[in-house]
Amino acid sequence: MNVAAPVIIPALVAGLVWLLAGQLWKRPAAPSLVYGGAVAMAISFFAGHVALVGQPPFPPTTAIHSLVYAALIVGVVGSAESIWRSHWAPRWGIRLVLACGAAWWQFTSLAEHSWNTGQTIGWLTTITLTICIAWDALDSFANRHTGFATPLLMWGFACATSIALVFGASAMMGQLAGCVAAACGAAIVLALWSRALPLDRGAVGVFVVILLGLLWQGYFFAALPLTSTALLIAAPVAIFTLDARMPERIVSAKRMIPVFGSLITITGIAIWFAFAAYQTVASEMEEYVY
Amino acid sequence: MVVVSKMASVMLISFAAVAAFADEYKIDPVHSSAVFKVNHLGASNTYGMMPNVTGSLTFDKGDAAKNAVELSVDATSVSTFNGGRDKHLSGPDFFNSKQFPAITFKSTSWKKAGDNTYEITGKFAMLGVTKEITVTADHIGYGKNRGGKELTGFESTFTIDRTDFGMNYGVADTGGVGKEVTIIIAFESVKQ
């Protein structure tokens, strides 16, 4: 199986789009930057899907296809909320609509065949709120830290999600999360090149919709344990809360130690639960390797 | 003369009624199953099974045009006798059975192709994609169950390209899991 292309292609696409987004190093406050970050993340995910399993059909037939197109929509529409970021009402309004739409689009088959009305309302509300809260947490973190801190955090989160999904019985979804990690890797390289670049603006929303979409799909459609799903979904919120509660006198570099320490701890526990569940099945039978 | 004529009419009508209606059968999931075979890494073939097949059959041995079959295979019942692999196969990479719990076939036309062989064309649906396929099916025979009900059964072997249905994961030029999947469906049905 081709492992390299789904990693290299999203990284190259993301880096290229970021660089082309209105000469971002010259005008770091320009809206084109916000737009560029969101579109870079969405298009790189699309490119990763094409490299891994081909072009998703439209209209989408599976939840993964829906997620790819939802990411593109969030990439275009979601960047607008970052442009109007000073007004909380349109910002939250757009986020709620996008998150709810993405949730409905991905899980409509469960709503039609498996869930009753109460479960549909309950789960869609839960998924929508988790996307909005994680989006807000990561966006707030990105506001507080320039440079490569946020792309590095996103990369770590995407890598952990990827590993957990592979143990959660979906190598494809794990690799798709790996595509997101590759795009974040491109952002880290660009951020190291110019620390002033707010690469995460706009991209954060698309990133959250994709990663939480993969996690919830991993729980509902694959075999990702609920504990792992919940821990990984809660990780961005926990990290932002920790960072926000730290005294301001602690300088940026020192703040990163507990931030990344907690990321490693929370995601590590999540991966351990996924691995334990995988081992339970694998130990029943002879060894099974994809 | 009038009585004879009336009797002849009644007999003709009765005969026509019998000839007009094919027998209705219900698929017995206990004695029906779907088996599949797929190439693994170019080296060998791996077999799997979906033991839960349900549906209905309308069958007239004398007139294939009246025949119809509807099958539903429970994709959640996939078994390759390896727990880890079954979990992977059930997931989004392959059968995605929580999202698409059934693989279905509904015939649109039957043609007699031999004494006990039929060419059946119909709609095969998997992973939310429906394609028209034509399969050759053998009529195995008739029997009776313990309750005295008439049984009949069919078996068909056919091949699909899984990528036609969006099952693209793991397909690669240099190996992986084969594109072509050979499926054997064998079912027994009980006359209603």
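Note that this is a predicted model, so its numbers are computed, not measured. Per chain, numbering begins at 1; letters A, B, ... match sequence-line order.
- Side-chain contact, B:His139 with B:Thr117: no donor N or O sits under 3.5 Å from an acceptor N or O.
- Most heavy-atom pairs under 4.5 Å with chain A: of the set B:Gly91, B:Pro92, B:Ser97, B:Ser90, this distinction falls to B:Pro92.
- Using bins of under 30°, 30° to 60° and over 60° for the plane-to-plane angle, the ring pair B:Tyr142/B:Phe59 lands in the tilted bin.
- Contacts between A:Phe107 and chain B at a heavy-atom distance below 4.5 Å are absent for every atom of the residue.
- Residues of residues 125-134 of chain B lying within less than 4.5 angstrom of chain A, judged on heavy atoms, are B:Leu127, B:Gly128, B:Val129 in numerical order.
- Between A:Phe221 and A:Trp216, the distance from one ring center to the other does not fall under 6.0 angstrom.
- Under the 3.5 Å distance criterion, with hydrogens and angles disregarded, a donor-acceptor pair is assigned to the side chains of B:His88 and B:Asp93.
- Between A:Phe45 and A:Leu176 the shortest heavy-atom distance is CE1-O, 3.8 Å.
- A donor-acceptor contact under 3.5 angstrom links the side chains of B:Asp161 and B:Thr163, judged on distance only.
- With a 4.5 Å cut-off on non-hydrogen atoms, A:Thr61 touches chain B through its backbone and its side chain both.
- Between B:Lys179 and B:Asn168, the side chains place no donor N or O within less than 3.5 Å of an acceptor N or O (distance only, hydrogens not considered).
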